[in-house]
**Student:** 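There's a structure below that I have some questions on.
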Amino acid sequence: MSANPPAMTLRLFNTLTGQVEPLAPSDGKALRMYACGPTVYDYGHIGNFRTFLHVDVLRRFLLLTGTPVRHVMNITDVDDKIIRNAGEAGIPIGEYTAKYEQAFNEDLASLKIERPEELPRATEHIPRMVELVQKLAAAKAAYKTEDGSWYFRLAAFPEYGKLSKKDLSGMEDGARVDVDEYEKDSARDFALWKAVKPGETAWDTAIGRGRPGWHLECSAMSTEYLGESFDLHAGGEDLMFPHHENEIAQSETATHKPFARHWMHVRFLLVEGRKMSKSEGNFYTLRDLLLKGYKASAIRLALISVPYGHQLNFTFDGLTEATNAIYRLRTFHQRLTSASLAAGENPVMQELAKKAQANYMAALANDLNTAEARAPIFDLVRAANTAMDQGQLLAGDRDAILRVLDDFDAVFDVIRDDDAEPTRRALAWAEEAGRMGDVAPELRERLALSDEAIEALVAERTQAKKQRNFARADQIRNELTAKGVVIEDSKDGVRWKRK
Ligand SMILES: [Zn+2]
């Protein structure tokens, strides 16, 4: 974090009001935010992670500007799909979801998504959900059907639709829907609590035997950790209707208070210009991309470089561009930190660093415009490289530029190279999951190259240079570079590292 966080208020688009508005903690202490988390029934795909990454950008920018956050993200570990899949696998739902919850945690770490302060599981908050249904029943906003399920009566909440601005004039009183996810434009009374079939996972509670509906989970857990009214609720744009509308209806009917003041929705992505789908063959999990040899940092940068409110067209060219951009940043950072520079400050460089910093912060403060925030950083790198070539960069400039890069990495987090671990983890997983056939040939070659083999090639290169056989020396360096090994010649001899 910056030593002197600039006093700067984030202005963020609010879906509820349709306006860009300042976002600051209403209690003057910490910004209380809730983001809908994963349903742990499968591995997360890049569309899911685009949303989680942009919430991470929000979180990190708030922290960078000195705003403490209290960030809650739920883990949905019971729903229609989980019950169906666990049933088909013949295992308890807890056993089924544990595997995917762990995978999700690993994927968060791979993408350097900071962990929220709280990651509550739905199955551990059943009493709170039951209480909420009881409150709604007492307010005549919930009713029980013959099979023992509970529904929310939409007619009890006239403001329904205020978030998604849907025209619900055709709404039919008493029409019901009992699935967790539905996309129909017409609203229906929705399930709060579901009676279950024999053999399905259920809880015995004061409102009967059953299990919670998905919408109820988020209302119960957000208000438990953040209070009845809180600052911000985030999620993917696909959750706006009906999920978020239903959360608002339940919560505000139960508490008579505004639920979340600010709503942030992250837009969908396309993959190579088309909607991502398994049938189109363009559906990718994070793990798929790591096995193809892309680095976690490049995936992170590619997914956050287009602002959250815009559709991202995710392409493999874009991933390559991100890979190259990160390489430029890291090479520059390495050059800057290891260069021997004369003491003093160059006023031109000082001014450039100051301007880059100001433009970077202003772009993020303006509705988290990540695309505009990137630009001044890369301009600064270009200018500083030129200044170093010409001996115009001084030691005091280095400090100023490093501070800018620190602030950039406080949000983007791609300069520090932690890419080896996610790839290693993905490969270990591929072996276990029988996915080694999907590992890219380059990645296999890298793996096949042992430390001893690298040492032998490095020694041969040193020998070749001594014998003035520069052609062979270059050939060895190129061969190693192609396999992801970087050689650095220094005063103390030759060092190498895997990229
Ligand atoms: Zn939710």
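Predicted model, so just to flag it, every value in this text is computed and none were measured. Every number for a ligand or one of its atoms is a count from 1 in the order of the listing.
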**Student:** Should Asp80 and Lys194 count as an ion pair when the cut-off is N to O under 4.0 Å?
**Tutor:**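 Yes, charged N to carboxylate O under 4.0 Å.
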
**Student:** Is the shortest side-chain N to carboxylate O distance from Arg209 to Asp204 below 4.0 Å?
**Tutor:**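 Result for this pair is yes, salt bridge flagged.
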
**Student:** Please check this pair: side chain of Thr39 against backbone of Thr76, looking for a donor-acceptor N/O pair closer than 3.5 Å.
**Tutor:**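 Such a contact is absent between Thr39 side chain and Thr76 backbone.
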
**Student:** Mind checking what makes side-chain hydrogen bond (donor to acceptor under 3.5 Å, both in side chains) contact with Tyr225, not counting sequence neighbours?
**Tutor:**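 In terms of side-chain hydrogen bond (donor to acceptor under 3.5 Å, both in side chains), with neighbours along the sequence ignored, Tyr225 is linked to His125.
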
**Student:** What's the atom name of the N, O or S in Glu247 nearest to the Zn ion (ligand 1)?
**Tutor:**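 Minimum-distance N/O/S atom of Glu247 relative to the Zn ion (ligand 1) is OE2.
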
**Student:** Would you say His243 reaches the Zn ion (ligand 1) with an N/O/S atom under 2.8 Å?
**Tutor:**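 Checking His243: at least one N, O or S atom is under 2.8 Å.
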
**Student:** Do any N/O/S atoms of Cys218 come under 2.8 Å of the Zn ion (ligand 1)?
**Tutor:**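 It does; at least one qualifying atom falls short of 2.8 Å.
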
